[in-house]
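Read through the structure below, which is laid out as structure tokens, and then see the notes.
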Protein chains: 2
Amino acid sequence: MALPREYETQACALARSLEVVGERWTLLIVRDLFFGVTRFTDLQAHLDIPRAVLTQRLARLAEAGIVQRDPYALTDAGRELWPIVHQLMQWGERHLVADGPVRLFAHATCGTELAHDGACPTCGTAPPPTDIETRPGSGTPVVVRTDPISVALRRPHRLLTPLS
Amino acid sequence: MALPREYETQACALARSLEVVGERWTLLIVRDLFFGVTRFTDLQAHLDIPRAVLTQRLARLAEAGIVQRDPYALTDAGRELWPIVHQLMQWGERHLVADGPVRLFAHATCGTELAHDGACPTCGTAPPPTDIETRPGSGTPVVVRTDPISVALRRPHRLLTPLS
DNA sequence: CCTACCGGTTCAGTCAATGAACTGATAGCG
DNA sequence: CGCTATCAGTTCATTGACTGAACCGGTAGG
């Protein structure tokens, strides 16, 4: 029988992508890696994910060439997931969050807030994640986490810069 | 206990989005709706998905305002998922498919193939899905399906145009 | 030598996915 | 009117993944 995480009968490239990044927790792990989390323990504490599941997901991401180990970080292929992660966040902000954006993203080199499609309105191009600074927005999150990683992630910082 | 499809402890808008479109099969259902599939039976036959799961996913998508019923179709909010679906496909084509694109997308009004980011290189803007024509590419799919829906989807056609 | 920390593994219980069979409503046809 | 096909589901036993808690081994510091 087909393993539930696969889509063997689907020819589409979307099915291939979802076999790698479509499992529960996987895109949240990728998001944390964009945000600068680098340690297994920190990912586990921030996501409240069972360790066994985190181990399995990181193994699959490493196997697919999306993350490297020692320390955990996104590869070039993993960094190319940024538009997808960003647009999923923006779509959720528009349709599922009540009062304004929970998190903002700005082009670090010019300070302009990014548009929905990830482009910088001032510069006209979509900056790479290394040139993006993130900080909390005006919206009220459904929960306010107080663990050290969540607190650190609320300080304005550039993407892909390890928290340390 | 938290239902496995939710991410109650995560404040991020990404978690909100994934609670709606992050479950197994959901984005493949949305893809088929973009491709013009409109009937429960056709979705079930094309995706090889258990009927009970398809019922649950469509209920959740309708509840979230992504699809309407009679017939099944994407709402405006659902159509805004196109950049995400398209970029996930393009990412999979680049990193997970061996020999060339399995499916192509062109700006219907000028015939130009879309870039990775969904923009038309000729016109400089990202066309809406109603202005996009799709057809099979040169790549070899991992499986070749012969059901009537798969055959119909291999004919060049515009997105969001019911097959019938 | 002792302790803390990191990155896991193991395990029993729970919950969702799977595939097959069944249900009911509607439409077309002779 | 009865017969058949189609559509959109529901029900159910089985399988398998997710969960939370406990345990394990290596390394660094004091």
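Chain letters run A, B, ... following the sequence lines, proteins first and then strands; every chain starts at 1.
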Below 4.0 angstrom, which residues in residues 49-63 of chain B have at least one non-hydrogen atom near DNA chain D?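 The answer is B:R51, B:A52, B:T55.
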Just to be sure I understand the geometry, which residues of residues 27-47 of chain B put a non-hydrogen atom under 4.0 Å away from DNA chain D?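 Within this stretch, B:R39, B:F40, B:T41 sit under 4.0 Å of the strand.
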Locate the shortest heavy-atom distance separating A:S17 from B:L88; write the atom from each residue and the value.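 Nearest heavy atoms, A:S17 then B:L88: OG-O, 2.7 Å.
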What heavy-atom pair brings A:E23 and A:R60 nearest, and what distance separates the two atoms?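 So the minimum-distance heavy-atom pair works out to OE1-CD, 3.1 Å.
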[X] has an atom [atom1]; how far is it from atom [atom2] of [N], in whole Å?
X: A:E6; N: C:dT18; atom1: CD; atom2: C1'; result: 15 Å
X: B:L163; N: D:dC7; atom1: CG; atom2: C1'; result: 16 Å
X: A:E23; N: C:dA17; atom1: CD; atom2: C1'; result: 14 Å
X: B:Y7; N: D:dT19; atom1: OH; atom2: C1'; result: 14 Å
X: B:R69; N: D:dC7; atom1: CZ; atom2: P; result: 17 Å

Going from CE on A:M89 to CG on A:L96, what distance comes out if it is rounded to the nearest 0.5 angstrom?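 Here the rounded value is 14.0 Å.
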State the CG-CG distance between B:L47 and B:D32, to the nearest 0.5 angstrom.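 If I round to the nearest 0.5 Å, the distance is 4.5 Å.
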[Y] and [X] aromatic ring geometry - parallel, tilted or perpendicular at 30°/60° bounds:
X: B:H86; Y: B:F105; result: perpendicular
X: A:Y7; Y: B:W25; result: perpendicular
X: B:H157; Y: B:F35; result: perpendicular

Tell me yes or no: between the side chains of A:H95 and B:E80, is some donor less than 3.5 Å from an acceptor?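 Yes.
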With respect to the phosphate group of C:dT18, does any side-chain polar atom (N or O) of B:W25 fall under 4.0 Å of OP1 or OP2?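 Yes, within the criterion.
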So does A:R24 get a side-chain nitrogen or oxygen closer than 4.0 Å to the phosphate oxygens (OP1/OP2) of C:dA17?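 Indeed not, no polar side-chain atom of A:R24 lies that close.
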